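Residue numbers start at 1 and run along the sequence shown. All figures in this text were calculated on a predicted structure; none of them were measured in a lab. As the structure lists them, so they are numbered: ligands from 1, and atoms in each ligand from 1. Atoms considered below: every heavy atom in the structure, side chains included; atoms not considered: hydrogens, waters and symmetry mates.
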Amino acid sequence: MTIETPRPRILSGMQPSNDSLTLGNYIGALTQWVALQDSYDTLYMMADLHALTVNPEPESLRARTRRTLAQYLAGGVDPKRSTLFVQSHVPQHAELAWILSCQTGFGEAGRMTQFKDKSAKQGTEGTTVGLFTYPVLMAADILLYNAALVPVGEDQRQHLELTRNLAERMNTRFGQDTFTVPEGHIVKSIAKVYDLQEPTQKMSKSTTGKGTLWLLDEPKAAAKKIKSAVTDAGTEIRYDPAEKPGVSNLLTIYSVFSGKSVAELETEYAGKQYGHLKVDLAEVVAEFLTEFQSKVNVYLDDPAQLDAILAEGAAKAQVIAQETVERVYDRVGLLAPRHGA
Ligand code: TYM
């Protein structure tokens, strides 16, 4: 007889803030989500409440939420093995976020570098309270599900640290089993994909130039972006992020798509020129995108199927989330409502 032990849980998500995800989202997060779905109880969401912080057009947010799901599926997330849901379909996220915000220091939230960067760009008047409390909502996302592991890219490390601090603080105050303290799953070699034009900057959704490769870029246009990627002085193809950030970034990307290690690629390209590497990588990426996009289109052609996946996911997520909210409401001293009294 085999005894079934519950698998540890994973929670992660992406903001549906653009029509397309980026190559950074794919390499830094989605490949990990897919790899972990056999050994963990995985929940992956579309963080639509977080996406409201950029004040999107209502119709485009709705469309992007479905498009993001289609891209998760095309990337290999399997709805039979993973629970897929929309953050706003589970109202407990906002409920727990309020409780956590009452435990988060103003200064603590103000030290988040993503907040500091974005608010510096937008100015005090242009910065919303939602942007300030963004990491608290993210902590709620994770703690609601007692997640043991959170697969994300490097840019989320500080938000995860805040989540861990909040969990520990609440456990000390309200009982050690109030929350599971989550670990990050940040795979160093792929946790930060760099901009193709500015290879010392993270590839991001908020840039518009040729440096960001979108998963829904026309494959030929994507190939062109790779061929015109900024490389470094010298000619040698060697992984050296400090001295050769451009080439190192291309090697990282190529390694993911070819399944070869960076060391193998260095050997393969010894004595060759940057141009050879770019041409070969451009071809591999264009092939990948062609196949990926044809899968995305099949999913997008069947919105009823997408909605069914989301309905099933929300129902599963709500059961777990409700248990947590009830436990936490009780621990912090909220009076339970008497149903039917
Ligand atoms: P978001 O939507 O900005 O990014 C989604 C995921 O992609 C990773 N990522 C990258 N990885 C490597 N290189 C890059 N250039 C790159 N750009 C993005 C991100 O690290 C992330 O893993 N706050 C989150 C969404 C979120 C979330 C959560 C994540 C909301 N609640 C709970 C985990 C758990 C965000 O804005 O990700």
Side-chain angles (χ1 to χ4, degrees), residues 9-34 36 42-54 56 64-65 67-68 71-72 75 77 85-88 90 93-94 96-97 100 112-115 117-118 130-131 133-164 166-167 182-207 211-215 241 245 249 252-253 256 317 321:
R9 194 167 285 145
I10 277 184
L11 180 287
S12 198
M14 300 195 196
Q15 295 190 72
S17 48
N18 283 82
D19 286 343
S20 174
L21 299 177
T22 69
L23 191 68
N25 297 141
Y26 177 75
I27 292 180
L30 201 49
T31 59
Q32 294 309 302
W33 293 11
V34 172
L36 294 163
T42 42
L43 291 110
Y44 299 126
M45 59 167 201
M46 277 115 287
D48 60 343
L49 295 174
H50 278 111
L52 286 178
T53 55
V54 296
R64 287 168 175 179
T65 302
R67 287 174 83 84
T68 300
Q71 291 171 79
Y72 288 179
V77 178
F85 67 100
V86 177
Q87 188 184 28
S88 66
V90 184
H93 289 249
L96 185 61
L100 295 178
M112 296 291 113
T113 52
Q114 285 208 351
F115 170 74
D117 292 348
K118 289 184 186 170
L131 192 67
T133 58
Y134 178 115
V136 180
L137 178 60
M138 182 165 157
D141 300 337
I142 297 165
L143 300 180
L144 260 185
Y145 299 97
N146 312 308
L149 207 66
V150 185
V152 284
E154 181 60 42
D155 59 347
Q156 299 301 317
R157 187 184 290 280
Q158 198 188 23
H159 292 161
L160 262 181
E161 212 38 55
L162 175 73
T163 306
R164 288 172 52 83
L166 284 172
E183 299 286 341
H185 177 82
I186 302 176
V187 180
K188 197 166 181 299
S189 58
I190 53 169
K192 193 163 181 184
V193 175
Y194 293 88
D195 188 280
L196 297 172
Q197 290 299 317
E198 279 183 73
T200 52
Q201 302 292 318
K202 181 187 80 167
M203 183 183 284
S204 98
K205 282 191 199 136
S206 50
T207 53
T212 301
L213 207 145
W214 302 94
L215 297 182
N249 192 36
T252 301
I253 299 170
V256 170

Val34 side chain reached by Val77 side chain, heavy atoms, under 4.5 Å: yes
Side chain, backbone, both or neither: Val193 near ligand 1, heavy atoms under 4.0 Å: both
Heavy-atom side-chain contact between Thr42 and Ser12 under 4.5 Å: no
Per-atom contacts, ligand 1 versus Ala191 - under 4.0 Å to a heavy atom: 11 (N), 12 (C), 13 (N)
Pair Thr22-Asn25, side-chain hydrogen bond (donor to acceptor under 3.5 Å, both in side chains): steps then yes or no: CA-CA 5 Å; Thr22 69; Asn25 297 141; 3.3 Å; yes
Gln87-ligand 1 polar pair, N/O distance under 3.5 Å: no
Ligand 1 to Asp141 polar contact by distance, N or O atoms, under 3.5 Å: yes
Distance filter under 4.0 Å to Lys192 heavy atoms, resulting ligand 1 atoms: 12 (C), 13 (N)
Candidate pair Val152 and His159, rule side chain to side chain contact (heavy atoms under 4.5 Å, CB included), full reasoning: CA-CA 10 Å; Val152 284; His159 292 161; over 6 Å; no
Protein heavy-atom partner closest to atom 4 (O) of ligand 1 - residue, atom, separation in Å: Asn25 ND2, 3.3 Å
Which segment of Ser204 sits under 4.0 Å of ligand 1 when only heavy atoms are counted: neither
Shortest protein contact, atom 26 (C) of ligand 1 (heavy atom only): Gly13 O, 3.8 Å
Whether Lys205 lies under 4.0 Å from ligand 1, heavy atom: yes
Where ligand 1 meets Met14 - atom numbers and elements under 4.0 angstrom, heavy-atom basis: 2 (O), 5 (C)
Nearest heavy atoms of Asp19 and Gln71, plus distance in Å: O-NE2, 3.1 Å
Pair Glu183 + Arg164, salt bridge at N-O below 4.0 Å: yes
Atoms of ligand 1 close to Met45 [distance to a heavy atom under 4.0 angstrom, numbered from 1]: 28 (C), 30 (C), 31 (N)
His50: numbered ligand 1 atoms lying under 4.0 Å from its heavy atoms: 30 (C), 31 (N)
Closest non-hydrogen atom pair, Val90 against Ala321: CG1-CB, 3.7 Å
Nearest protein heavy atom with distance in Å, relative to atom 37 (O) of ligand 1: Gln156 NE2, 3.8 Å
Ligand 1 atoms in contact with Ile142 (distance to a heavy atom under 4.0 Å): 32 (C), 34 (C)
Option with minimal heavy-atom separation from atom 10 (C) of ligand 1, where the choices are Gly28, Gly24, Ser12: Gly24
Full working for side chain to side chain contact (heavy atoms under 4.5 Å, CB included) between Val150 and Gln156: CA-CA 10 Å; Val150 185; Gln156 299 301 317; over 6 Å; no
Top protein contact for atom 17 (N) of ligand 1, by heavy-atom distance: Met203 O, 3.7 Å
Region of Val150 engaging ligand 1 - heavy atom pairs below 4.0 Å: side chain
Aromatic centroids of Tyr145 and His93 separated by under 6.0 Å: yes
For Ala29, the ligand 1 atoms whose distance to one of its heavy atoms is below 4.0 Å: 6 (C), 7 (O), 22 (O)
Ser20 backbone acceptor or donor facing Asn18 side chain under 3.5 Å: no
Leu144 and Leu43: CA distance, side-chain angles, deciding distance, side chain to side chain contact (heavy atoms under 4.5 Å, CB included) verdict: CA-CA 11 Å; Leu144 260 185; Leu43 291 110; over 6 Å; no
Part of Tyr134 within contact of ligand 1 (heavy atoms, under 4.0 Å): side chain
Met138-ligand 1 polar pair, N/O distance under 3.5 Å: no
Identity and distance of the protein heavy atom lying nearest atom 19 (C) of ligand 1: Asp155 OD1, 3.3 Å
Within-4.5 Å side-chain heavy-atom neighbours: Thr252 and Lys192: no
Any N or O of Gln15 closer than 3.5 Å to N or O of ligand 1: yes
Per-atom contacts, ligand 1 versus Ala47 - under 4.0 Å to a heavy atom: 30 (C)
Sub-4.0 Å heavy-atom approach of Leu11 to ligand 1: yes
Plane angle bin for Trp33 and Tyr44 - parallel if under 30°, tilted between 30 and 60°, otherwise perpendicular: parallel
His50 side chain near Met138 side chain, heavy-atom distance below 4.5 Å: yes
